Visitor: 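A single structure is presented below for examination.
Chain letters run A, B, ... following the sequence lines, proteins first and then strands; every chain starts at 1. Both backbone and side-chain heavy atoms feed into the values below; hydrogens, waters and symmetry mates do not. Fair warning: this is a prediction, and the values are worked out from it, not measured in the lab.
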2 protein chains.
Amino acid sequence: MSQAPTQEQAVVVDLTAVIVSIAGDQPRVLVRPRAGGDKALEALPSGPLELRHRTLEAGLRSWVTAQTGASLGYVEQLYTFGDQDRTPDHGDGRRVLSIGYLALSRAGAASMPDESVWRDWYRHFPWEDWRRGRPEVLQSLEKPIRRWVAAAKAGTERTARKERASLAFGLDGTAWSDDRVLERYELLYELGIVAEARRKSREAPSAEAKLDGQPMAADHRRILATAIARLRGKIKYRPVVFELMPPTFTFLQLQRAVETLAGVRLHKQNFRRLVAQQGLVEETGAIVAGTGGRPARELRYRQEAILERQAPGLRLRAVRGTE
Amino acid sequence: MSQAPTQEQAVVVDLTAVIVSIAGDQPRVLVRPRAGGDKALEALPSGPLELRHRTLEAGLRSWVTAQTGASLGYVEQLYTFGDQDRTPDHGDGRRVLSIGYLALSRAGAASMPDESVWRDWYRHFPWEDWRRGRPEVLQSLEKPIRRWVAAAKAGTERTARKERASLAFGLDGTAWSDDRVLERYELLYELGIVAEARRKSREAPSAEAKLDGQPMAADHRRILATAIARLRGKIKYRPVVFELMPPTFTFLQLQRAVETLAGVRLHKQNFRRLVAQQGLVEETGAIVAGTGGRPARELRYRQEAILERQAPGLRLRAVRGTE
DNA sequence: TCAGAAATGCTCAGAGTGAGTATAAGGAGG
DNA sequence: CCTCCTTATACTCACTCTGAGCATTTCTGA
């Protein structure tokens with residue numbers, strides 16, 4: 001029974017990278033003009049898994065280096081996508097499996113051999129940037145969402161939709177959660193608001209078309225959403241931001257980086273206290289002028305912190321029994 | 001450049017499930033005797049991705065239902081494994097890609113059509129069970145680990161190894177972290193202590209062979225480690241335990257369930273307080289006798305809690321800027 | 001009837017966190 | 001050179017969250 005007849009699906013594996021960097025106040029992702037078809041749609045760098053690739057991650061790194069010349073530091077597997085109806089059709093009956101990766105790059109002006117470009121990721125997700133308060137798009141998105149909730153006949157289904165909408169978009173008193181990026185995108189996809197959802201059905205743009213952010217090739221916007229969600233979640237308990245920072249920086253620069261990724265504003269003094277007491281950074285001794293105000297102390301990341309933080313006397317004693 | 005010549009790797013996709021349930025004080029995982037070869041080695045239920053499977057998860061569910069009859073509630077994709085040298089060789093040059101899933105089952109005596117059996121997962125990871133204090137295996141494991149650290153020539157490499165060992169196994173004052181299951185397994189794999197590591201090289205069991213837990217077929221123990229790690233992590237911030245509980249239960253039963261998964265003991269009163277104040281459960285009104293002491297109030301899970309918890313006035317106001 | 005095991009209730013000291021007040025120290029403009 | 005604006009830093013305060021225990025209550029079994 002464990003041996004299937006031979007219905008086995010022929011598969012092509014695509015390694016897809018979401019390469020993130022920060023430029024000033026912009027969170028950026030590396031994209032390339034799409035190979036065939038619609039030139040307007042940009043795609044994430046990706047390439048097929050090949051024989052010579054010993055591991056999946058090695059394959060990804062090799063593709064990225066070849067295509068963009070970007071130097072990847074941190075790399076993490078995100079998710080494997082393989083839904084039949086959300087995947088580009090190869091025509092030959094083979095199924096496309098896309099393994100998404102999140103990669104962090106210290107940016108710099110990496111030499112990019114081809115036409116790759118960095119794009120502000122909020123261009124694709126305008127509702128995710130709360131740094132200057134609640135984005136106005138949300139105002140308009142709320143209407144179709146509520147309509148969708150109301151469209152279900154009262155009862156379990158209605159309740160379920162309501163809960164889903166509230167959690168994802170922070171409606172009815174529920175707080176906005178910065179890391180529910182994927183849930184939000186998926187909900188908009190189901191509502192047909194997102195352009196990608198209307199491709200298969202060749203449906204005309206709905207009235208809400210303008211609300212949608214910039215679409216991407218294939219299912220890449222979904223992969224990007226997954227990456228942002230993961231990064232926003234991770235940033236809260238692992239010192240990954242530093243992978244995106246230059247060797248030295250100031251408190252404010254660090255704070256801006258976090259804000260840029262999380263899409264929210266933070267309380268300056270408390271952020272400072274937090275970072276300082278965790279021992280994640282140390283002063284280089286230098287002073288940085290030209291900050292627009294009083295000069296700031298220059299900082300650098302302290303690798304050792306990771307170990308120390310767990311040392312006894314500091315945080316976590318035993319295990320917490322949450323739930 | 002984005003179109004590779006045609007080095008594309010032919011691939012077989014395997015959907016592999018780690019199905020977890022709880023029986024008394026045992027965390028259990030569903031396994032089946034391995035199809036071919038070494039009958040002693042057990043394997044996780046799995047099956048190839050087929051044409052008829054619209055989505056990966058659907059494919060997995062269909063396999064599991066067919067093979068075990070178990071009713072899966074919660075299902076979550078874990079990770080996709082594809083390292084060339086840690087994957088069973090198909091002989092025909094095709095690469096095996098394994099997509100691992102974590103599934104939670106309310107157990108019950110599911111009708112299991114074939115020879116599937118539930119196994120205590122600590123059988124495969126004896127060093128993960130701290131419920132009765134530090135497991136003795138660790139005493140013996142510490143020696144080879146320290147030897148491995150010392151084997152690197154002083155400097156960066158030595159420091160790196162030391163840090164890795166400390167973090168994973170809680171050495172030198174670092175606290176034991178229940179969810180670093182995968183890091184620990186991988187370290188032991190590299191050290192050749194784990195039997196799976198010696199398969200490819202046909203190496204003889206090392207002196208420490210007895211320290212290792214029960215091996216599994218192919219790379220399945222690694223997938224299991226990934227699942228345990230994920231579950232232990234998730235249990236701390238999402239109410240997933242309830243997927244494993246019967247409809248009604250007592251505080252102690254719930255606590256035992258969490259302890260069983262996390263492999264640690266918790267403070268009874270504090271656990272109680274935590275669960276209660278989060279509003280995750282409500283009393284059914286019934287009283288359960290025969291607990292071995294004073295009768296306990298019967299509880300049930302409150303689905304609604306998830307929404308309420310985020311409501312204003314309660315937790316999280318804005319976003320915390322950790323890092 | 002007493003000891004033991006659970007179930008519950010409550011208290012206390014500390015660490016952690018959200019907000020806000022108060023100062024210090026550059027730069028731009030007049 | 002003085003003033004205002006902006007950023008950098010220090011601290012304070014009120015609460016909340018958490019780890020540890022102490023104290024009682026209520027069954028079961030010997």
Side-chain angles (χ1 to χ4, degrees), chain A residues 24-25 175 236-237 248-259 262 264-299 309-323, chain B residues 24-25 175-176 178 236-237 248-259 262 264-299 309-323:
Chain A
D25 285 350
K236 283 164 199 144
Y237 63 98
T248 64
F249 46 84
T250 66
F251 270 117
L252 190 58
Q253 282 165 4
L254 183 61
Q255 182 181 339
R256 290 283 180 255
V258 173
E259 291 175 335
V264 291
R265 280 247 171 262
L266 303 173
H267 179 111
K268 192 195 276 198
Q269 296 93 321
N270 290 344
F271 177 80
R272 208 187 161 65
R273 177 177 60 188
L274 196 60
V275 175
Q277 82 187 12
Q278 301 228 315
L280 289 171
V281 297
E282 65 189 355
E283 305 182 3
T284 65
I287 299 279
V288 183
T291 57
R294 172 175 171 178
R297 301 181 191 171
E298 192 181 63
L299 307 174
R309 239 199 319 162
Q310 311 262 28
L314 283 169
R315 348 193 89 223
L316 354 156
R317 223 151 310 189
V319 177
R320 303 167 17 193
T322 319
E323 302 328 304
Chain B
D25 285 350
W176 174 269
D178 66 316
K236 283 165 198 140
Y237 64 98
T248 65
F249 45 86
T250 66
F251 268 116
L252 190 58
Q253 281 165 3
L254 183 61
Q255 182 180 341
R256 290 286 180 252
V258 173
E259 290 175 335
V264 292
R265 279 249 170 257
L266 303 173
H267 179 112
K268 192 194 275 197
Q269 297 92 321
N270 290 345
F271 177 80
R272 210 189 159 67
R273 176 177 62 188
L274 195 60
V275 175
Q277 85 188 7
Q278 302 226 317
L280 289 171
V281 298
E282 65 188 356
E283 305 182 3
T284 65
I287 299 279
V288 182
T291 57
R294 173 174 169 178
R297 300 181 193 172
E298 191 180 64
L299 308 172
R309 246 208 303 173
Q310 310 263 29
L314 283 169
R315 347 191 93 223
L316 353 157
R317 225 150 309 192
V319 176
R320 303 164 20 189
T322 319
E323 300 329 300

Visitor: Supply the atom-to-atom distance Phe271(B) CZ to Arg265(B) CZ, rounded to the nearest 0.5 angstrom.
Guide: 12.5 Å
Visitor: Looking only at side-chain N and O atoms, does Lys268(B) come under 4.0 Å of OP1 or OP2 in dA6(C)?
Guide: no
Visitor: Can you check whether Arg297(B) has a side-chain N or O nearer than 4.0 Å to OP1 or OP2 of dG9(C)?
Guide: yes
Visitor: Quick check on DNA chain D: between Arg256(A) and His267(B), whose nearest nucleotide comes earlier from the 5' end?
Guide: Arg256(A)
Visitor: Do Gln277(B) and dT16(D) have a side chain to base donor-acceptor pair shorter than 3.5 Å?
Guide: no
Visitor: Is there a donor-acceptor contact under 3.5 Å from the side chain of Gln255(A) to the main chain of Arg272(A)?
Guide: no
Visitor: Looking at the side chain of Arg272(B), which of dT9(D), dT7(D), dT8(C) is the nearest nucleotide?
Guide: dT8(C)
Visitor: Take Gly293(B) and Gly293(A), find for each the nucleotide of DNA chain D with the closest heavy atom, and name the residue whose nucleotide sits nearer the 5' end.
Guide: Gly293(A)
Visitor: Locate the shortest heavy-atom distance separating Ala262(B) from Asp178(B); write the atom from each residue and the value.
Guide: O-CB, 3.6 Å
Visitor: For Ala289(A) and Gln269(A), take the nucleotide of DNA chain C holding the closest heavy atom to each; which residue's nucleotide lies nearer the 5' end?
Guide: Gln269(A)
Visitor: Is there a donor N/O on one and an acceptor N/O on the other, under 3.5 Å, for the side chain of Arg273(A) and the base of dG16(C)?
Guide: no
Visitor: Looking at the side chain of Pro295(A), which of dG26(C), dT17(C), dA19(C) is the nearest nucleotide?
Guide: dG26(C)
Visitor: Should the side chain of Arg294(B) and the base of dG4(C) be counted as holding a donor-acceptor pair, with the cut-off at 3.5 Å?
Guide: no
Visitor: Given atom CD1 of Ile287(A) and atom P of dA25(C), what is their separation to the nearest angstrom?
Guide: 11 Å
Visitor: Which distance, rounded to the nearest 0.5 Å, do you find between the CG of Leu299(B) and the OG1 of Thr284(B)?
Guide: 7.0 Å
